[in-house]
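Report on the structure given below.
Computed from a predicted structure; not experimentally measured. Every number for a ligand or one of its atoms is a count from 1 in the order of the listing.
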Amino acid sequence: MKVGVLALQGDVAEHVSMTRAAGAEVVEVRYSNQIEGLDGLIIPGGESTTVGKLMERFGFVDEIRKHAARGLGVFGTCTGLILLSREISNSGQVRLGLMDFVVKRNAFGRQVDSFEADIEIPAIGDPPMRAVFIRAPYILSVGQGVEVLARFEDKIVLARQGRHLACAFHPEVTSDTRLHRYFLHMLSGKA
Ligand code: GLN
């Protein structure tokens, strides 16, 4: 199982070590031709307009879409979730459009810019996962093919569509590797 971590911005090293701990061979992806041969790709948090522009400039958008069509699975956290979406509320910024949902950026508002909460995620079982939200988005609405895996106070914060996984929080800043393991199980058909 070979997984790449997009290394344009964000917690690249943390995602690399967690995915390795979860049992995959992992590479940092800096060039679009490195997508070839990967089973999965992780898009870390950051700033989605910046990452989107860099992805477009360096040819990642077409390359990721092309490989998603042959089975590449993408796990997007925070900015990565935004980039996976079909539609971004009030924004025409670059996105991959691989998952059928509408997302709202910085959706929890200024009062609660960043916070932590314990989230129940039936797909990975007990105990609840400590979730760190940093200027996080949430999903406003999903299409039929999208499975909602977790909510925080009725807001959708984790969703799956086929081999793609979108998470509004930052799983890489804790020591809980269950979501990375779940993604690897999705890629190998075990989840
Ligand atoms: N607020 C950021 C954005 O809109 C996402 C924040 C994050 O990735 N932690 O891109």
(message) Set out, in order, the CA-CA distance, both residues' side-chain angles and the distance that settles ring pair (Phe, Tyr, Trp, His ring centres under 6.0 Å) for H170 and F133, then state yes or no.
(response) CA-CA 6 Å; H170 284 261; F133 292 85; 9.0 Å; no
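For ligand 1, the atoms sitting less than 4.0 Å from at least one non-hydrogen atom of N106 are 1 (N), 2 (C), 4 (O), numbered in the order shown with element in parentheses. Remark: ligand 1 atoms within the under-4.0 Å shell around heavy atoms of T79 are 3 (C), 5 (C), 8 (O), 10 (O). Near G45, with a cut-off below 4.0 Å to any heavy atom, the atoms of ligand 1 are 8 (O). Residue contact check: E47 has heavy atoms under 4.0 Å from atoms 10 (O) of ligand 1. The atoms of ligand 1 that sit less than 4.0 Å from any heavy atom of I82 are 3 (C), 4 (O), 10 (O).
One option in H170, R135, K104 has a heavy atom closer to atom 9 (N) of ligand 1 than any other, and that option is H170.
Summary of contacts: the protein heavy atom closest to atom 4 (O) of ligand 1 is R105 NE, 2.7 Å. Residue, atom and distance of the protein heavy atom nearest to atom 2 (C) of ligand 1 are G46 O, 3.6 Å. Summary of contacts: the protein heavy atom closest to atom 7 (C) of ligand 1 is C78 SG, 2.7 Å.
For ligand 1, the polar-atom distance check finds an N/O of S48 within less than 3.5 Å of one of the ligand's N/O atoms.
A side-chain N or O of Y182 and one of R160 form a donor-acceptor pair less than 3.5 Å apart. If you check the side chains of S89 and R105, you find no donor sitting under 3.5 Å from an acceptor. Judged purely by distance below 3.5 Å, without hydrogens or angles, the side chains of Q9 and T50 never pair a donor atom with an acceptor atom. Side-chain contact annotation: E87 with S85, donor-acceptor N/O pair under 3.5 Å absent.
Note: H185 NE2 to H180 NE2 = 14.0 Å, rounded to the nearest 0.5 Å.
Side-chain contact check for E120 versus P128: some heavy-atom pair is nearer than 4.5 Å.
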